[in-house]
Amino acid sequence: MAERVRPLVITIDGPAASGKGTLARRLAWHLGLRHLDSGLLYRATALRLRCAGEGATNVTAAVAAAAAVTEADLTDAALRQPAISGLASEVAAIPAVRTAVLALQRAVASTPPGAVIDGRDIGTVVCPDATVKLFLDARPDVRAARRAADHPDSDPATVAAELAERDRRDTVRAVAPLAVAPDATVIDTSALDAEAVFAVALAVVRRKAGLEP
Ligand code: DC
């Protein structure tokens with residue numbers, strides 16, 4: 001009988017603008033794995049909810065929106081709008097919304113050859129048995145400057161305030177808050193560029209997953 005190879009699952013958690021999306025894409029490409037940005041699931045839920053003319057206070061509508069999300073939703077450019085960022089953080093605090101998007105994330109993780117999944121609770125809740133867990137962090141001022149650079153037409157002070165509010169909501173919520181898994185490797189990206197973050201992370205992945213250099 002053929003030996004069953006366990007999918008290689010790399011989780012990358014961290015606050016907004018810590019560099020996890022860029023790192024996840026690069027690691028996935030380099031290692032030939034799929035990449036899932038789990039934040040897009042909450043953003044797609046928010047977009048569907050807004051298109052239905054509803055807000056996060058309508059829990060039934062929010063859960064229905066989350067249950068309807070498919071991978072085809074995740075390429076919509078509107079998901080990156082600042083208004084959707086705020087609403088995504090609100091719907092992400094609803095426990096039944098989180099349950100509704102769990103199956104899709106676990107399906108990606110369990111499909112060979114494996115995946116890099118980034119988010120807030122991937123190493124703690126979604127994939128507690130992941131092969132490698134990373135947690136990216138950076139100083140709040142550095143993250144605000146990165147996010148402001150992504151949105152040059154926005155007021156930097158407003159961008160920083162919205163980021164701080166989102167971090168607060170993502171960290172204090174009762175269900176699956178942003179947290180460092182006990183077995184995660186923390187990388188502070190404040191003083192590192194994308195290339196350096198990739199080099200550090202790849203070395204950790206190779207060591208923990210037992211991959212040849
Ligand atoms: O990473 P992002 O900014 O695209 O995420 C959008 C929102 O979704 C953010 O407020 C945090 C939330 N989120 C979450 O609660 N759990 C995840 N695994 C990923 C994102």
Side-chain angles (χ1 to χ4, degrees), residues 11-25 35-59 61-98 100-102 104-105 116-122 125-126 135-179 189-190 194:
T11 64
I12 309 179
D13 290 306
S18 55
K20 51 188 197 306
T22 303
L23 175 62
R25 266 190 303 280
H35 169 224
L36 177 64
D37 171 354
S38 65
L40 291 178
L41 300 172
Y42 299 98
R43 289 174 180 270
T45 300
L47 187 59
R48 279 182 174 271
L49 190 61
R50 204 177 62 165
C51 290
E54 298 291 346
T57 51
N58 187 338
V59 172
V63 175
V69 169
T70 66
E71 285 194 63
D73 289 2
L74 308 185
T75 52
D76 194 328
L79 299 179
R80 296 284 173 200
Q81 289 170 2
I84 294 300
S85 303
L87 188 56
S89 172
E90 290 180 52
V91 299
I94 301 172
V97 164
R98 305 197 70 84
V101 294
L102 202 50
L104 195 153
Q105 295 172 85
V116 182
I117 309 184
D118 64 283
R120 305 292 189 290
D121 65 334
I122 311 303
V125 175
V126 178
F135 189 97
L136 262 53
D137 207 351
R139 291 199 319 268
D141 59 308
V142 172
R143 295 189 293 107
R146 287 177 187 161
R147 197 38 62 91
D150 289 343
H151 298 278
D153 298 335
S154 307
D155 167 42
T158 307
V159 171
E162 284 172 358
L163 196 74
E165 171 54 19
R166 226 146 54 82
D167 283 350
R168 190 197 62 76
R169 220 172 8 224
D170 295 337
T171 308
V172 304
R173 66 172 179 238
V175 179
L178 172 65
T189 70
S190 302

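Atoms considered below: every heavy atom in the structure, side chains included; atoms not considered: hydrogens, waters and symmetry mates. Being a predicted model, the structure only gives us computed values, none of them experimental.
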Just so I know, are the side chains of [X] and [Y] near enough to count as touching, which here means a heavy-atom distance under 4.5 Å?
X: Lys20; Y: Arg120; value: yes
X: Pro15; Y: Phe135; value: yes
X: Thr11; Y: Val126; value: no
X: Thr158; Y: Glu162; value: yes
X: Asp167; Y: Pro140; value: no
X: Arg43; Y: Arg80; value: yes

Quick check for you: to the nearest 0.5 Å, what is the distance between [X] atom [atom1] and [Y] atom [atom2]?
X: Leu49; Y: Ile94; atom1: CG; atom2: CD1; value: 7.5 Å
X: Cys51; Y: Asp76; atom1: SG; atom2: CG; value: 8.0 Å
X: Ile84; Y: Arg48; atom1: CD1; atom2: CZ; value: 12.5 Å
X: Glu71; Y: Leu104; atom1: CD; atom2: CG; value: 5.0 Å

Between [X] and [Y], which heavy-atom pair has the shortest distance, and what is it?
X: Ser38; Y: Ile117; value: CB-CG2, 4.3 Å
X: Ala67; Y: Ala100; value: N-CB, 4.1 Å
X: Gly21; Y: His35; value: O-CE1, 4.3 Å
X: Ala78; Y: Leu47; value: CB-CD2, 4.1 Å
X: Thr45; Y: Ala65; value: O-CB, 3.6 Å
X: Val101; Y: Gln105; value: O-NE2, 2.9 Å

Please identify which of these residues, Arg169, Glu165, Arg166, meets the side-chain hydrogen bond (donor to acceptor under 3.5 Å, both in side chains) condition with Ser89.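 Of the listed options, the one satisfying the test is Arg169.
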
Out of Thr22, Thr189, Asp141, which one pairs with Arg146 under the side-chain hydrogen bond (donor to acceptor under 3.5 Å, both in side chains) rule?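 By the side-chain hydrogen bond (donor to acceptor under 3.5 Å, both in side chains) criterion, Arg146 pairs with just one of Thr22, Thr189, Asp141: Thr189.
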
Does [X] reach the main-chain N or O of [Y] with its side chain, forming a donor-acceptor pair under 3.5 Å?
X: Arg143; Y: Ala138; answer: yes
X: Asp118; Y: Ile12; answer: no
X: Ser190; Y: Arg139; answer: yes

Counterpart residues, salt bridge (Lys or Arg N to Asp or Glu O under 4.0 Å), relative to Arg173 (two or more places apart):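 Only Asp170 meet the salt bridge (Lys or Arg N to Asp or Glu O under 4.0 Å) criterion with Arg173.
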
Under the salt bridge (Lys or Arg N to Asp or Glu O under 4.0 Å) test, residues paired with Arg147 that sit two or more places apart: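 Salt bridge (Lys or Arg N to Asp or Glu O under 4.0 Å) list for Arg147, sorted by chain: Asp150.
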
Applying side chain to side chain contact (heavy atoms under 4.5 Å, CB included) to Val69 and Leu74, what does each step give before you reach the verdict? CA-CA 8 Å; Val69 169; Leu74 308 185; 4.3 Å; yes

Apply side chain to side chain contact (heavy atoms under 4.5 Å, CB included) to residues Val175 and Asp121 and explain how you reach the verdict. CA-CA 10 Å; Val175 179; Asp121 65 334; over 6 Å; no

